[in-house]
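This report refers to the structure that appears directly beneath it.
Both ligands and their constituent atoms are indexed starting at 1 by order of listing.
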Amino acid sequence: MDVVWMLPLLLLFPLLMWTSSTFLFYFKKFFYVAWMMLLALLGIPVCLLKSGGRDVENMRVIRAMVRHVKYFFGLRIEVSGWEHLQTVGPYVIISNHQSSLDVLGMMEILPDRCTTIAKKELVYAGTVGLICWLSGIVFINRKKTSDAKSVMADAAKTMLDQQIRLWVFPEGTRNQNGDLLPFKKGAFHLAVQAQVPIVPVVFSSYNSFYLRKEKQFNSGTIKLKILPKIETKGMTSEDVSSLSDLSHSLMRTAFLEISDSVPQSNGPLKH
Ligand SMILES: CCCCCCCCCCCCCCCC(=O)SCCNC(=O)CCNC(=O)[C@H](O)C(C)(C)COP(=O)(O)OP(=O)(O)OC[C@H]1O[C@@H](n2cnc3c(N)ncnc32)[C@H](O)[C@@H]1OP(=O)(O)O
Ligand SMILES: CCCCCCCC/C=C\CCCCCCCC(=O)OC[C@@H](O)COP(=O)(O)O
């Protein structure tokens with residue numbers, strides 16, 4: 001072939017490679033959302049038949065339906081510290097939050113009678129919003145602290161009355177900066193108000209397989225480390241800051257320990 005023809009092809013090749021990995025990124029994200037929407041559509045009648053309405057027991061339906069989704073994306077989920085979830089009665093699980101993909105790891109270890117705290121916007125997310133509501137997810141308005149506080153105070157009572165566990169993301173938003181954000185206080189007030197233990201759970205960094213800015217979504221491994229529970233019996237609101245600091249430092253240590261030190265989107269991961 002004439003060298004004049006080769007040149008544009010050679011120039012085009014990296015562009016094609018780039019677009020194909022970018023295309024795959026968007027395709028996988030689209031598929032993830034569409035598949036979850038479809039699963040939720042199928043799950044809603046099951047929930048309604050099982051419990052007739054809003055009930056934490058419906059979380060079992062979500063847990064069972066979501067377990068296979070990791071295989072589509074070539075994701076392995078390695079769990080350690082199972083024994084720390086063998087606590088009787090209610091407790092608050094806290095974990096870091098990197099992406100909506102966290103739902104996959106969450107459903108791998110979700111204990112019975114455990115639901116979560118989520119931003120209120122999620123309730124409007126079509127069939128996913130409806131199945132979340134049916135599963136007793138507690139929706140808070142992050143922009144109105146006073147509302148969020150009173151919803152969480154009610155949740156503390158409900159936890160005890162109905163023996164419910166609650167999963168909270170204390171960073172308060174998704175974060176993939178290679179470290180943990182400072183923690184919001186709600187999860188710790190909740191545990192202290194209900195006088196229940198906190199079980200910290202750490203997801204390893206997704207930066208080795210999933211990079212939002214760089215539009216990379218490859219196969220990979222998510223390590224989930226469940227840490228020993230932290231008791232809150234006898235604590236008051238005075239203790240909330242130190243409880244939050246302790247949890248943050250334990251989780252940050254575990255996060256750095258289980259995450260591969262690969263180049264991060266926002267600078268290198270500090271070890
Ligand atoms: C089959 C197919 C399935 C399909 C698929 C299904 C998926 C099924 C899984 C879904 C999974 C969803 C996953 C969603 C995940 C998210 O939506 S993450 C976002 C929502 N979650 C959160 O935000 C929780 C964490 N945030 C908090 O806890 C925050 O503290 C609050 C309550 C929102 C308040 O926010 P803030 O005002 O910005 O924060 P903060 O600085 O903590 O508080 C201000 C002051 O109020 C005080 N305060 C805070 N909370 C309280 C309280 N409760 N009582 C008294 N004082 C308090 C603080 O102590 C602080 O006072 P100072 O100590 O400074 O004096
Ligand atoms: C107005 C709708 C807002 C939510 C739309 C989400 C639609 C997703 C549909 C299917 C995906 C399946 C599982 C989704 C559950 C996880 C939701 C999630 O991760 O919400 C983000 C929230 O933690 C923090 O939000 P910001 O980073 O503060 O923003």
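There is no protein heavy atom less than 4.0 angstrom from atom 65 (O) of ligand 1. Atom 37 (O) of ligand 1 is approached by the protein to below 4.0 angstrom, counting heavy atoms only.
Distance alone, capped at 3.5 Å, is enough to place a donor-acceptor pair between the R113 side chain and the Q162 backbone.
The protein atom (non-hydrogen) at minimum distance from atom 47 (C) of ligand 1 is K149 CE, 3.6 Å. The protein non-hydrogen atom at the shortest distance from atom 41 (O) of ligand 1 is K184 CD, 4.4 Å. Among protein heavy atoms, atom 31 (C) of ligand 1 sits closest to A148 CB, 4.5 Å. Looking only at protein heavy atoms, the nearest one to atom 40 (P) of ligand 1 is K185 N, 4.0 Å. Looking from atom 57 (C) of ligand 1 to the surrounding protein, the closest heavy atom is H189 CD2, 3.2 Å.
Separation of the Y26 and F23 ring centroids does not fall under the 6.0 Å cut-off.
The shell of residues lying under 4.0 angstrom from ligand 1, judged by heavy atoms, excludes T173. Ligand 1 lies within reach of V168, whose nearest heavy atom is under 4.0 Å from it.
Atoms of ligand 1 found under 4.0 Å from any heavy atom of M152 (numbered from 1 in listed order, with element): 32 (C).
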**Request:** Apply the test salt bridge (Lys or Arg N to Asp or Glu O under 4.0 Å) to residues E121 and K143: give CA-CA distance (whole Å), side-chain angles for both, the deciding distance (0.1 Å), then the verdict.
**Result:** CA-CA 11 Å; E121 290 82 353; K143 289 179 205 104; 3.4 Å; yes
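Of the candidates V103, L122, N141, T115, the one placing a heavy atom closest to atom 7 (C) of ligand 1 is V103.
The shortest distance between side-chain heavy atoms of I222 and F209 falls below 4.5 Å.
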Please produce the table of protein N or O atoms sitting under 3.5 Å from N or O atoms belonging to ligand 2, one pair a line, distance to 0.1 Å.
| from | atom 1 | to | atom 2 | distance (Å) |
| --- | --- | --- | --- | --- |
| ligand 2 | 23 (O) | H97 | NE2 | 2.4 |
| ligand 2 | 25 (O) | K119 | NZ | 3.1 |
| ligand 2 | 27 (O) | T173 | OG1 | 2.9 |
| ligand 2 | 27 (O) | R174 | N | 3.1 |
| ligand 2 | 27 (O) | R174 | NE | 2.7 |
| ligand 2 | 27 (O) | R174 | NH2 | 3.2 |
| ligand 2 | 28 (O) | R142 | NH1 | 2.8 |
| ligand 2 | 28 (O) | R142 | NH2 | 3.2 |
| ligand 2 | 28 (O) | T173 | OG1 | 2.6 |
| ligand 2 | 29 (O) | K119 | NZ | 3.0 |
| ligand 2 | 29 (O) | R174 | NH2 | 3.0 |

